[in-house]
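For reference, the structure discussed in these notes is given below.
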Amino acid sequence: MGNTRHRIENDKTSGFGSCRLLYISTSKYEGDWQSILHSHPFSELFYVVNGQGYFLAEGSEFPVRKNDMIIINPHVQHTERSLPNAPLDYIVLGIEGLSFSFERIAAVQSGVSMETAAGTVYQYNVANTNVCAYLNIMLEEISRQEENYEAVCQNLLEVLLICMLRNDTLSLVPDHNRLFNRECTQIKNYLDANYSQTITLDTLANLTHMSKYYIVHAFTKYAGISPINYLVQKRIQEGKSLLESTSYSIAQIAAMLGFSSQSYFSQAFRKTTGQTPMQYRNAYRKQI
C-alpha cells in the first residue's frame with residue numbers, strides 16, 4: 001500500500017481576516033440598461049461568464065471576454081459596455097477591507113491568457129484556473145441559504161484570492177486607513193448634504209455597503225461623535241442660522257431641518273446650546 005502525507009506548516013498558511021465579502025451579484029445584458037460610470041468605497045471582482053464587450057475605467061477602455069477577471073480597486077470610476085451580438089453575462093463580488101497592488105503592464109498574448117492593467121483596474125484571463133468553479137459554488141450557497149452559507153462564501157472568497165495571488169503581478173494591500181477615511185468622508189458629505197431628510201443607520205449602511213456596527217465605530221473614531229449625533233449637531237447648526245435670519249415658526253424650522261417633531265427639535269437644541277430655540281432667537285435679536 002502506498003501512502004503519502006503532506007505536512008502543512010502553520011507559518012505557511014495565510015488568512016484574510018481583514019477582508020469581508022459584501023455581496024455577490026449576477027447580471028446579463030439584455031439591452032435594457034445604460035452603462036453609467038460609478039465607484040464604490042470597496043474593491044470589486046468582475047468575472048465575465050460569457051459574452052464580449054468593453055470595460056471603462058479612469059479614462060481607459062479595453063475589451064473583455066469570457067473568463068476575464070477584472071479587479072477594480074476602491075473609489076475607481078468604472079462601467080462596462082456589452083457588444084449587442086455577444087451580450088455580457090457576469091458575476092460581481094464586492095469585497096470590503098482590502099485593495100490590490102499590481103504592476104502597470106502592456107497587454108500580452110499567450111494562448112488564452114491576456115493581462116492588461118489600466119491605472120487601478122487590472123484584467124487577466126482565468127480560463128485555466130478554478131475561479132469559475134468557486135464562484136459557481138458561492139452562487140449555489142447564496143441561492144440555497146443553508147446553515148452557515150455566509151461562512152462558506154467567505155471561506156471560498158479567501159480560496160479564490162489565494163488562487164489569484166499566485167499570479168506574480170498581483171498582491172494584496174490591507175487598506176484599513178484609506179478605506180476608513182474615505183468611507184467616513186463619504187458619510188460626512190452625505191449627512192452635510194441631506195441633513196433635512198430622514199436618515200438612519202440603515203440609510204448609511206445601504207449607502208456604504210458597510211455594517212451599522214462598523215459605521216458607528218469608524219465614524220466615531222473619525223469625527224469624535226457618532227453619525228447620528230453628528231446629524232443632530234448639523235441640524236442644530238442650520239437651525240441657528242434659520243432662527244437668526246428668518247421669521248419661520250419653531251415648528252416650521254423643526255420640519256425644515258428633518259426633526260420628527262417641534263418638541264424633539266427644542267429638546268435637542270436646548271441640550272446643545274443651553275437655550276430653547278425661542279430664547280436663542282430673542283437673545284440674537286437683542287444683540288442687533
Side-chain angles (χ1 to χ4, degrees), residues 16 19-57 61-100 102 112-118 120-146 148-167 170 172 206 209-210:
F16 296 92
C19 74
R20 183 170 68 90
L21 181 65
L22 297 175
Y23 58 79
I24 308 172
S25 67
T26 60
S27 300
K28 184 173 182 178
Y29 178 77
E30 296 178 342
D32 56 351
W33 53 268
Q34 294 288 332
S35 60
I36 300 173
L37 284 170
H38 61 284
S39 65
H40 313 281
F42 47 83
S43 295
E44 277 192 333
L45 300 182
F46 182 102
Y47 173 72
V48 181
V49 178
N50 227 323
Q52 298 179 48
Y54 290 88
F55 205 87
L56 295 81
E61 178 176 310
F62 51 88
V64 293
R65 57 191 172 91
K66 181 178 179 179
N67 287 321
D68 275 353
M69 175 73 82
I70 299 93
I71 300 170
I72 307 106
N73 269 336
H75 302 282
V76 174
Q77 291 281 323
H78 65 278
T79 191
E80 66 281 347
R81 182 161 52 88
S82 177
L83 292 181
N85 59 344
L88 280 176
D89 183 357
Y90 54 88
I91 300 170
V92 180
L93 307 184
I95 308 171
E96 173 189 63
L98 62 83
S99 62
F100 292 82
F102 35 77
V112 295
S113 296
M114 184 179 72
E115 300 180 350
T116 62
T120 48
V121 173
Y122 185 89
Q123 173 203 17
Y124 69 110
N125 195 278
V126 295
N128 295 326
T129 71
N130 293 320
V131 166
C132 183
Y134 298 139
L135 289 172
N136 284 331
I137 297 173
M138 292 169 78
L139 289 173
E140 185 177 347
E141 287 289 330
I142 287 288
S143 63
R144 291 184 177 181
Q145 295 194 6
E146 295 179 353
N148 294 322
Y149 76 93
E150 301 98 331
V152 173
C153 290
Q154 177 68 30
N155 289 332
L156 283 168
L157 169 65
E158 296 180 7
V159 174
L160 187 150
L161 290 173
I162 290 172
C163 291
M164 291 172 58
L165 293 176
R166 288 172 176 167
N167 183 319
L170 279 176
L172 288 181
N206 291 331
H209 299 280
M210 306 299 171

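Treat the numbers as computed from the prediction; the structure is a model and nothing was measured. When reading the values below, keep in mind they use all heavy atoms of this one structure, side chains included, and skip hydrogens, waters and symmetry mates.
A donor-acceptor contact closer than 3.5 angstrom is absent between the side chains of Tyr47 and Asp68. Neither side chain, Tyr149 nor Glu140, offers a donor N or O lying under 3.5 Å from an acceptor on the other. Side chain to side chain, Glu80 and Tyr29 fail the donor-acceptor criterion of an N or O pair below 3.5 Å.
Contact of the Met138 side chain with the Leu93 side chain is registered, since non-hydrogen atoms from C-beta on lie closer than 4.5 Å. A 4.5 Å side-chain heavy-atom check between Val126 and Met164 finds every atom pair outside the cut-off. The closest side-chain heavy-atom distance from Val48 to Ile70 is below 4.5 Å. Using a 4.5 Å cut-off on side-chain heavy atoms (C-beta onward), Val49 and Thr26 make no contact. When side chains are defined from C-beta on, Ile71 counts as touching Leu45, because their heavy atoms get closer than 4.5 Å.
Gly51 and Leu88 get closest at one heavy-atom pair: C-CD2, 4.0 Å.
Note: Met69 CE to Asn125 CG = 10.5 Å, rounded to the nearest 0.5 Å. Annotation: the span from Glu141 atom CD to Gln154 atom CD amounts to 13.0 Å, rounded to 0.5 Å. With values rounded to the nearest 0.5 angstrom, Asn148 atom CG is found 11.0 Å from Cys153 atom SG. Atom CG in Leu139 sits 10.5 Å away from atom CG in Leu156 (nearest 0.5 Å).
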For this session: Check the pair Tyr134 / Leu157 against side chain to side chain contact (heavy atoms under 4.5 Å, CB included), numbers first and verdict last.
Result: CA-CA 8 Å; Tyr134 298 139; Leu157 169 65; over 6 Å; no
For this session: Check the pair Asn50, Lys28 against side chain to side chain contact (heavy atoms under 4.5 Å, CB included), reporting the backbone distance first and the verdict last.
Result: CA-CA 9 Å; Asn50 227 323; Lys28 184 173 182 178; over 6 Å; no
Exercise. Would Tyr122 and Asn73 count as a side chain to side chain contact (heavy atoms under 4.5 Å, CB included) if you check the C-alpha gap in whole Å, the side-chain angles of each, and the deciding distance to 0.1 Å?
Worked result: CA-CA 9 Å; Tyr122 185 89; Asn73 269 336; over 6 Å; no
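The aromatic rings of Phe55 and Phe46 stand perpendicular to each other, their planes meeting at an angle above 60°, with 30° marking the opposite boundary.
Counting only distance, with no hydrogens or angles, the side chain of Glu150 and the backbone of Gln145 share no donor-acceptor pair below 3.5 Å.
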